[in-house]
There are 2 protein chains.
Amino acid sequence: MARITQRDIAQLCGLDTSTVSRSLQGDERIHEATRARVVDAARRLGYRPNLAARALVGGRAQVLWLVLASVGATADWRTTHAVTSATESTDYDLFVALHGNDEARYERLLARLAQGLVDGAVVLPRRHVSDERLLRELALRDYPLVLVDVWIDGLPVPAVTTDNDGASRLLARRCAEAGARGFVLLYGDNNPVVRERTAGARAELAALGLPWTEIGSVDDAWQETEPWPDGPLAMLASAQETVLAYCRRNAGRLADRRLVAGCFDEWRGEPSPADRVFVAPQDHDAIARQAVRLLARRVECPNEPTERRVMVQIKPIEEVVPRF
Amino acid sequence: MARITQRDIAQLCGLDTSTVSRSLQGDERIHEATRARVVDAARRLGYRPNLAARALVGGRAQVLWLVLASVGATADWRTTHAVTSATESTDYDLFVALHGNDEARYERLLARLAQGLVDGAVVLPRRHVSDERLLRELALRDYPLVLVDVWIDGLPVPAVTTDNDGASRLLARRCAEAGARGFVLLYGDNNPVVRERTAGARAELAALGLPWTEIGSVDDAWQETEPWPDGPLAMLASAQETVLAYCRRNAGRLADRRLVAGCFDEWRGEPSPADRVFVAPQDHDAIARQAVRLLARRVECPNEPTERRVMVQIKPIEEVVPRF
DNA sequence: CTGTTAGCGCCTTCAC
DNA sequence: GTGAAGGCGCTAACAG
């Protein structure tokens, strides 16, 4: 695999390598005939520019990474494809770096970021992170990073996420409009995202004057400090699974009440204990586009101050008809 | 993001950059004290080697790619994770390059391969390939490539695949042992893999003296040139879906016969028209390991002749109990 | 319009 | 044991 370099072309054409370089870049100043000769020779020789050399001199590799644990879950590969597509329209190439939640692999990957072959990274943070030392270190160096879907409190890295507050309010309102008279909030408080969803629902329900209870774990039962008005009960959660698990655990109490359910992203059409089901579909494509846009800008204008958080609206809330 | 280079360390320590370079590589000849000083300074300054420079001088980037269309399908992300893990134990890092069956993206990706930032690639060929010009071109240059799961006739690139012939024979035999007296082979002939599976089953059934028919498309009905012996009928295919589709289309003819089914990889426990179901699980982990091993060797010993095809045995055939 | 020169960051002879 | 020098392939500033 004898590597063909610009020098080979230069020799063949009786030119200097710098002329070859300029010709290949389509430099205005080069005589059209010369350029044609060079380009032709390059093609004939099967010349491929050496990107390592280019990255070295340019200080840029025109490469972005998507760093995430794995691509098995639906949400993960959707994001993966969305980010890949979003990068299409830029001057960058995107590659996926998987760490499989393995500590060593994660460290190794992040270490590679600041080593000249990657200009920036979209990071899907691990769910149960104890120590984000490495991300923090990169952030300190102003290495271009963008988080998606989730953000990490205290980490000075921009994040592109759903407007969880707004989405949660919409979802609660739709359930109220469907007649719900009491609300069970199953978002939990494991991370900033679900806390924001809880807060949104809370605010909306307060405004509507409807009673609610917040459940930390699907195993907890809810309390009505004073009896709630008659009428359907709404269960709101991030995921379908949570709603179903809760209904299963509290089948007894729920047996004689009509139910409404609301969750994010999708309801996969399993038998449902709720009469009506509403879904708030996150706009993963838009999130990916924004993330890539933000990242590219951070790479190209490192000094420009950057938004700390970009909010993306959900797609219109859908009502799903569950199969029985 | 002022990049720290070996020169910074050299200045700080009052040494030459070459000494720094050697110290950082753990060169034997360097005075232990010097080495310690250098390593310490590097750590304090937050030095990260520039991999573009290293790739340039070394001619190697220590990077491998997995090139595939997408990671949505189960088989694809399984392979992705398997290849990622298999690379763990090598000196290479692996990144995933997705082309989404988009012609332009595919070309751009393959073009990048021979450009100094990637030492070799595991390629999961596209299913419906008209023109593998680019792969052929890379192969011609002896660029290190390895195909997995599938191979392409006439393409001089090593492939790591299941021993489809052997697997298919085993599957046929198990169905015969379960009492099947007639066989419908639904593998089709779209690609070399399924042709090999057809051939394997054919050979086994000939040896067992059992009758079979080969169906090109699930829409075709089968012919018994002379009536088959009484007893259960076996339907063999690469995927569960094919078996189910065929049974659906031929529900009438099959209604009064007992059925046995056999397929590759998995049977996802849907209601089944067959009493007994056998699955030949491909060993994706082993395939990935072999592929990475082969690729690494091709990168490191470019002149050494390479195996054209590596066959991996399936895992033991499983009987699945379908839910009704 | 094109050649000369210098340098990106690192590694590797070759000297001392 | 360490320094000096050269080069990997490419680009950019400066000449002419």
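Protein chains get the first letters and strands the later ones, always in sequence-line order, with residue 1 at the start of each. The analysis underlying the following values was restricted to heavy atoms, covering all of them including side chains, and did not include hydrogens, waters or symmetry mates.
The CG atom of B:Asp93 sits 10.0 Å away from atom CZ of A:Arg105, with the distance rounded to the nearest 0.5 Å. How far CG of A:Leu140 is from CZ of A:Arg133: 12.5 Å, rounded to the nearest 0.5 Å.
Residues in residues 43-56 of chain A take part in these salt bridge (charged side-chain N to carboxylate O under 4.0 Å, His left out) pairs, two or more places apart or across chains: A:Asp40-A:Arg43, A:Asp40-A:Arg44. The stretch residues 8-42 of chain A participates, sequence neighbours left out, in no ring-ring contact (aromatic ring centres under 6.0 Å, His included) pair at all.
Looking at A:Glu307 and A:Arg298, no side-chain N of the basic residue comes within less than 4.0 Å of a carboxylate O on the acidic one, giving no salt bridge. Under the 4.0 Å criterion applied to side-chain N and carboxylate O atoms, B:Arg35 and B:Glu32 are assigned as salt-bridge partners.
The aromatic rings of A:His99 and A:Tyr106 lie perpendicular to each other, with more than 60° between the two planes, well past the 30° mark.
Helix-axis bend for the helix from C:dC1-D:dG16 to C:dC16-D:dG1: the local axis fitted to the five terminal pairs at one end deviates from that at the other end by 40°, rounded to 10°.
Think of the region where chain A sits on DNA chain D: with heavy atoms and a 4.0 Å cut, that region ends 5' and 3' at D:dG9 to D:dA13.
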If a protein heavy atom is under 4.0 Å from the base, mark B; if only from the sugar-phosphate, S; if neither, -; do that for nucleotides 7-16 of chain C going 5' to 3'. BBBSBBB---
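Around atom CZ of B:Arg297, no more than 12 heavy atoms belonging to other residues, nucleotides or ligands sit under 6.0 Å away.
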Candidate pair B:Val148 and B:Val123, rule side chain to side chain contact (heavy atoms under 4.5 Å, CB included), full reasoning: CA-CA 6 Å; B:Val148 290; B:Val123 179; over 6 Å; no
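Listed by chain and residue number, nothing satisfies the ring pair (Phe, Tyr, Trp, His ring centres under 6.0 Å) test with A:His284 (two or more places apart in sequence, or in another chain).
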